[in-house]
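Worksheet: one structure, shown below.
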Amino acid sequence: MMAKKPPKPAPRRIFQERLKITALPLYFEGFLLVKRSGYQEYEHYWTELRGTTLFFYSDKKSTIYVDKLDIIDLTCLTDQNSTEKNCAKFTLVLPKEEVQLKTENTESGEEWRGFILTVTELSVPQNVSLLPGQVIKLHEVLEREKKRRIEIEQSTSLEKEKESTEDYVDVLNPMPACFYAVSRKEATEMLQKNPSLGNMILRPGSDSRNYSITIRQEIDMPRIKHYKVMRIGQNYTIELEKPVTLPNLFSVIDYFVKETRGNLRPFICSTDENTGQEPNMEGRSEKLKKSPHIA
């Protein structure tokens, strides 16, 4: 008895699987013959135009693309004379390569030309031969693409504004007031000799890239503890049994203060000796664990 072939995915299923790969909006799709730089012959692909990217699939049922081409920087689209009947050929001229496309019929070719030029030039081309319904579709895609571009620009602008604000804050407050460029031994001595000035010091870590917190607690008897603070990307992680990640060193100091209900206070000498400004205290909900890693 012959083994059954695996069932082909339903169209809705295919669409959902492809959405997992990219969230770019689908504007147009169909078969295309594609010849990229380095190709000896045309390759036959089911092609999707999503945003300003062409996704190539080995067939209409495939859920994973085999290649893709970003055409946002399209320089021009040039038509080619074809000796084949009922066939359209054109070339996408990009900054780094030229890609030849061929369609199975002239009508499909006009549609592909129309959609590609609409999303790359952000205007509906006047020199395409399309039916009124197809032209309406181009205008709809144009509005969707314009909206998508605006959203991208706004998102990028917000990110840049956020980065600029963070940089500005860093310039004004380079380090928390309790930061001192001292060794572990020196920090311990400072806390022991001057308990009235505070009981928590932020200092450089042993590797000079990360940081450490040295604290002096008086429960039954004075105790010195050290906590590692690792810089990971733009964030800082306090190495506890359950690590706590915070956006900046001011939040790290704030965390210790809040979680000990003010029993820990930043060690601050006179104003002239401060290396930074008063830390900005913001509440945190995690509890300090009893067994920190030694810093």
Side-chain angles (χ1 to χ4, degrees), residues 14-15 17-131 133-153 155-156:
I14 295 171
F15 180 78
E17 289 296 322
R18 289 175 181 173
L19 275 180
K20 294 178 182 179
I21 299 174
T22 176
L24 289 171
L26 176 62
Y27 293 150
F28 190 63
E29 59 185 342
F31 284 109
L32 270 181
L33 288 161
V34 182
K35 188 176 182 181
R36 299 192 65 171
S37 300
Y39 284 21
Q40 296 298 320
E41 302 290 340
Y42 281 95
E43 298 287 344
H44 193 259
Y45 294 122
W46 177 259
T47 307
E48 290 184 339
L49 174 61
R50 290 180 174 271
T52 55
T53 303
L54 293 171
F55 290 86
F56 303 116
Y57 298 85
S58 57
D59 57 57
K60 192 175 181 178
K61 301 294 184 181
S62 297
T63 56
I64 300 177
Y65 65 87
V66 295
D67 201 359
K68 67 177 180 177
L69 177 66
D70 188 354
I71 58 173
I72 192 170
D73 294 324
L74 181 70
T75 302
C76 65
L77 185 154
T78 59
D79 292 314
Q80 295 182 20
N81 294 324
S82 176
T83 56
E84 302 174 48
K85 292 184 179 180
N86 199 31
C87 171
K89 293 175 67 177
F90 48 92
T91 301
L92 303 181
V93 181
L94 297 162
K96 295 184 178 181
E97 69 172 317
E98 294 186 5
V99 181
Q100 298 179 43
L101 303 179
K102 184 165 64 174
T103 62
E104 297 175 328
N105 55 69
T106 54
E107 181 181 351
S108 176
E110 286 297 289
E111 286 186 288
W112 276 111
R113 287 178 68 254
F115 281 99
I116 288 172
L117 291 174
T118 295
V119 299
T120 54
E121 297 181 354
L122 287 183
S123 64
V124 175
Q126 302 299 315
N127 60 340
V128 289
S129 302
L130 296 174
L131 297 173
Q134 294 170 322
V135 175
I136 291 174
K137 181 66 175 176
L138 289 183
H139 283 282
E140 291 175 350
V141 165
L142 175 60
E143 293 307 311
R144 291 173 64 190
E145 180 61 15
K146 283 182 177 180
K147 182 179 178 181
R148 188 181 77 89
R149 299 277 190 98
I150 291 173
E151 290 174 351
I152 291 174
E153 289 177 3
S155 176
T156 303

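- His44 and Phe31 have parallel rings, their planes meeting at less than 30° on a 0 to 90° scale where 60° marks the start of perpendicular.
- Tyr57 is listed as a side-chain neighbour of Tyr65, based on a closest heavy-atom distance under 4.5 Å.
- Side-chain contact between Leu24 and Glu48 is absent, with no heavy atoms from C-beta onward closer than 4.5 Å.
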(Q) As a quick check of understanding, evaluate side-chain contact (heavy atoms from CB on, under 4.5 Å) for Leu69 and Leu94, giving each step before the final call. (A) CA-CA 10 Å; Leu69 177 66; Leu94 297 162; 3.7 Å; yes
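- Taken to the nearest 0.5 Å, the CD atom of Glu98 stands 13.0 Å off from the CZ atom of Arg36.
- Using a 4.0 Å cut-off between charged nitrogen and carboxylate oxygen, Glu41 and Lys35 do not count as a salt-bridge pair.
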Q | Criterion side-chain contact (heavy atoms from CB on, under 4.5 Å) on Glu29 and Leu49, from CA distance to verdict | A | CA-CA 6 Å; Glu29 59 185 342; Leu49 174 61; over 6 Å; no
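- Residue Glu121 is tested with Val119, Leu117, Val124 for a side chain to side chain contact (heavy atoms under 4.5 Å, CB included); the sole match is Leu117.
- Enclosure of atom CD1 in Ile64 is not indicated, since only 12 or fewer non-hydrogen atoms of other residues, nucleotides or ligands lie within 6.0 angstrom.
- Ring geometry, Trp112 versus Phe28: the interplanar angle exceeds 60°, so the pair is classed perpendicular (tilted spans 30 to 60°).
- Summarising the geometry, atom CG belonging to Leu32 is positioned 9.0 Å from atom CD belonging to Glu104; distances are rounded to the nearest 0.5 Å.
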Q: For side-chain contact (heavy atoms from CB on, under 4.5 Å), just list the numbers for Phe115 and Leu138, CA-CA rounded to whole Å, side-chain angles, deciding distance to a tenth of an Å, and then say yes or no.
A: CA-CA 6 Å; Phe115 281 99; Leu138 289 183; 3.6 Å; yes
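- You'll find the side chain of Glu110 reaches within 4.5 Å of the side chain of Arg113, heavy atoms only.
- A salt bridge does not link Glu151 with Arg148: none of the charged nitrogens is closer than 4.0 Å to a carboxylate oxygen.
- The OG1 atom of Thr118 sits 10.5 Å away from atom NZ of Lys146, with the distance rounded to the nearest 0.5 Å.
- Considering CZ of Arg50 and OG1 of Thr22, their distance stands at 6.5 Å, rounded to 0.5 Å.
- Within the 4.5 Å cutoff, no side-chain heavy atoms of Cys87 are placed close to those of Thr106.
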Q) After noting the C-alpha distance and the side-chain angles of Lys147 and Glu143, does the key distance pass the salt bridge (Lys or Arg N to Asp or Glu O under 4.0 Å) rule? A) CA-CA 6 Å; Lys147 182 179 178 181; Glu143 293 307 311; over 6 Å; no
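- In this structure, Ile116 and Leu74 have side chains that are in contact, with non-hydrogen atoms separated by less than 4.5 Å.
- Here the side chains of Leu101 and Lys89 are not in contact, with every heavy-atom distance at 4.5 Å or above.
- Salt bridge status for Arg144 with Glu140: absent, with no side-chain N to carboxylate O gap under 4.0 Å.
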(Q) Before you tell me yes or no, could you show the steps for Trp46 and Lys61 under side-chain contact (heavy atoms from CB on, under 4.5 Å), namely the whole-Å CA-CA distance, both residues' side-chain angles and the distance that decides it to 0.1 Å? (A) CA-CA 9 Å; Trp46 177 259; Lys61 301 294 184 181; over 6 Å; no
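- Distance OG/Ser129 to CD/Glu111: 12.0 Å, rounded to 0.5 Å.
- Taking 4.5 Å as the limit, every side-chain heavy atom of Thr53 sits out of range of all side-chain heavy atoms of Ile72.
- A cation-pi arrangement is absent between Lys68 and Phe55 under the rule of less than 6.0 angstrom and at most 45 degrees off the ring axis.
- Under a 4.0 Å N-O distance rule, the pair Lys96/Asp73 does not qualify as a salt bridge.
- Atoms OG1 and CG, from Thr91 and Asp79 in turn, are 8.5 Å apart once rounded to the nearest 0.5 Å.
- Taking every heavy atom of both residues into account, Thr120 and Ile71 meet most closely at CG2-O, 3.2 Å.
- Side-chain atoms of Thr103 and Leu33, non-hydrogen and from C-beta on, never get closer than 4.5 Å to each other.
- In this model, no donor atom of one side chain and acceptor atom of the other lie less than 3.5 Å apart for Asn105 and Ser108.
- The minimum heavy-atom distance linking Ala88 with Gly109 is given by the pair CB-CA, 3.8 Å.
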